[in-house]
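Accompanying notes for the structure given below.
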Number of protein chains: 2
Amino acid sequence: MSDGNARAPLSRDRVLSAALRIADVDGLQAVTMRRVAADLEVEAMSLYHHVRNKEELLDGLVESVVGEVLTEVGLAEAAASPASGDWHASLRRRCLMARTVMVRHSWAPGLIGSRPTIPAPLYLYFEEILAVLIGGGFTYHLAHQALHSLGSMALGFAQELFNPADSGGQVDEGAAEAELAAMAERLPHLTTMVAAELHDHDEDPLGWCDSQREFEFTLDLLLDGLARHLQTGPVRDRTER
Amino acid sequence: MSDGNARAPLSRDRVLSAALRIADVDGLQAVTMRRVAADLEVEAMSLYHHVRNKEELLDGLVESVVGEVLTEVGLAEAAASPASGDWHASLRRRCLMARTVMVRHSWAPGLIGSRPTIPAPLYLYFEEILAVLIGGGFTYHLAHQALHSLGSMALGFAQELFNPADSGGQVDEGAAEAELAAMAERLPHLTTMVAAELHDHDEDPLGWCDSQREFEFTLDLLLDGLARHLQTGPVRDRTER
DNA sequence: ACCTGAACACCGTTCAAGT
DNA sequence: ACCTGAACACCGTTCAAGT
């Protein structure tokens, strides 16, 4: 009881965790600059010293949740059978763990999907999944399609990942090159994948990530899987496969 | 040039189509009571004579888009080979057609997902899909799981269909019974499916639609499909399967 | 009956001013 | 440097008043 009062200085972290608590308890629509400030016992305008505007606050919220997925998945993988090459089991654990985090923050999938820009930690998350796929023997091309197909599962039902605006808009090639170089160290598999896919489509560089093709790939995965269930009957126990 | 002026009386349809046009052109965030009114050359408060409030306007927007999916899918099915029993091809056409509609209205999937209540025409759409599945030899149980798995594809990447709030909240059994009776005529397959699933879970009626189970079913469809691609290599041509 | 103007309770954000 | 109060330009919505 020595310093529990309105003594703690405001900080970006304190602002974000207050906003996250409000979203969990009262829903995303309750996350208001004035409300966040009130919960921190401060005036609304004080928030602007730690967050550029509300958009940045929402970005921070998304990054918090993705960060939570990353650490929870990391813990779960560390606890599992160490370093087995079983990509199937690993991906299954990761998606189920991501889902439990998203269920805790049910506003998050919709927010992630509606954000105009992809939150940076998400690339780290997909880099890890990509590493599992490549380690399991996937080509970069098949791994790319797998990323799209699993996208909504890996985030507990979200929107499309690489948003459609990307495929239509013009690309600043110089900036893209620089961005790629910066990514290369921290995201080696993602970088390699993009490079490989771009190489395959150098006649048609815009088509390297065709959302229509990815959609049809996923659709056929599901339809073919359902057809097999129809022929063979339901599988009774996953372990005896 | 006899009556093109501000003569046409306001109506719910005129309000909705103005809102839809604004959403398509300037995005959903531009759909404002004041903006919709301005486009109709009327004061904002006039809208309230044809729409209870903004929530109802958004519901109307969702229903418009779902209606568009229904008619486009209907036309596409009518144009296809008449009355073949090929559920696989029919579902594929339906999902692809739904996607093209959703691409036209890219704000729609997010809006549908964020709506607190399921828009009524959506039941009609899923009734049709269910009819295709049952006609193809699916049990009602497998068809139920298929509906969940295809949910996001059938709507061009949306959120979960039967929202999580349903499974947690308490159910007014009398009201549910009456609702079922009203549905029975127009939605025979959906009604039968719900009844069958409830019968299978009469020990645990709350568990008839377990979103965790549906999630794992879809996840396994995708993972198993990816595993088959990994073993057999990519399929070169769908027609030679 | 349908439409309107003024008003209310909210937003996000700017700006000059405090300490 | 960090925080504040008043103000601005927006929201959705109510209400009494017009025709």
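In this text the structure is predicted, and so the values were computed from the model without any measurement.
Look at CG on A:Leu40: it is 13 Å from C1' on D:dC3, rounded to the nearest Å. The CZ-C1' distance, from A:Arg35 to C:dA9, rounds to 17 Å in whole Å. In this structure, CD of A:Glu55 is placed 11 Å from P of C:dG12, rounded to the nearest angstrom. To the nearest angstrom, P of D:dC2 lies 19 Å from CE of A:Met45. Rounded to an integer number of Å, the gap from B:Glu43 CD to D:dT13 C1' is 15 Å. Atom pair B:Gln29:CD and C:dC11:C1' shows a separation of 15 Å (rounding to whole Å applied). The CZ atom of A:Arg34 sits 11 Å away from the C1' atom of D:dC10 (whole-angstrom rounding). Look at CG on B:Asn53: it is 5 Å from P on D:dT13, rounded to the nearest Å.
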Q: Given salt bridge (charged side-chain N to carboxylate O under 4.0 Å, His left out), test A:Glu56 with A:Arg12 step by step and report yes or no.
A: CA-CA 11 Å; A:Glu56 196 176 293; A:Arg12 186 182 151 89; 3.4 Å; yes

Q: Give the C-alpha distance, both sets of side-chain angles, the deciding distance and a yes or no for salt bridge (charged side-chain N to carboxylate O under 4.0 Å, His left out) between B:Arg186 and B:Glu127.
A: CA-CA 9 Å; B:Arg186 294 166 69 56; B:Glu127 169 74 15; over 6 Å; no

Q.
Is there a salt bridge (charged side-chain N to carboxylate O under 4.0 Å, His left out) between B:Arg104 and B:Glu68? Walk through the geometry before answering.
A. CA-CA 11 Å; B:Arg104 268 209 290 273; B:Glu68 194 174 326; 3.0 Å; yes

Q. B:Leu130 and B:His144: side-chain contact (heavy atoms from CB on, under 4.5 Å), yes or no, with the steps?
A. CA-CA 8 Å; B:Leu130 200 41; B:His144 178 208; over 6 Å; no

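Side-chain proximity of B:Ser46 to C:dC3, D:dT13, D:dA6: nearest is C:dC3. Listed nucleotides C:dT13, C:dA7, D:dG12 differ in distance to B:Met33; the shortest reach to its side chain belongs to D:dG12.
Applying the 4.0 Å criterion to OP1 and OP2 of D:dC10, one finds that B:Thr32 has every side-chain N and O outside that range. In this structure, A:Tyr48 reaches the C:dT13 phosphate: one of its side-chain N or O atoms is under 4.0 Å from OP1 or OP2. The shortest distance between the side-chain N/O atoms of B:His50 and the OP1/OP2 oxygens of C:dC2 is not below 4.0 Å.
Base-pairing analysis of DNA chain C finds the following stems of at least three consecutive Watson-Crick or G-U pairs, with both pairing distances under 3.5 Å: C:4-8 with D:12-16, C:12-16 with D:4-8.
Side-chain to base pairing of B:His49 with C:dC2: no donor and acceptor N or O lie closer than 3.5 Å to each other.
In this model, a donor atom of one side chain and an acceptor atom of the other lie less than 3.5 Å apart for B:Ser90 and B:Arg94. Side chain to side chain, B:Glu128 and B:His189 fail the donor-acceptor criterion of an N or O pair below 3.5 Å. A:Arg21 and A:Ser17 share no side-chain donor-acceptor pair at under 3.5 Å.
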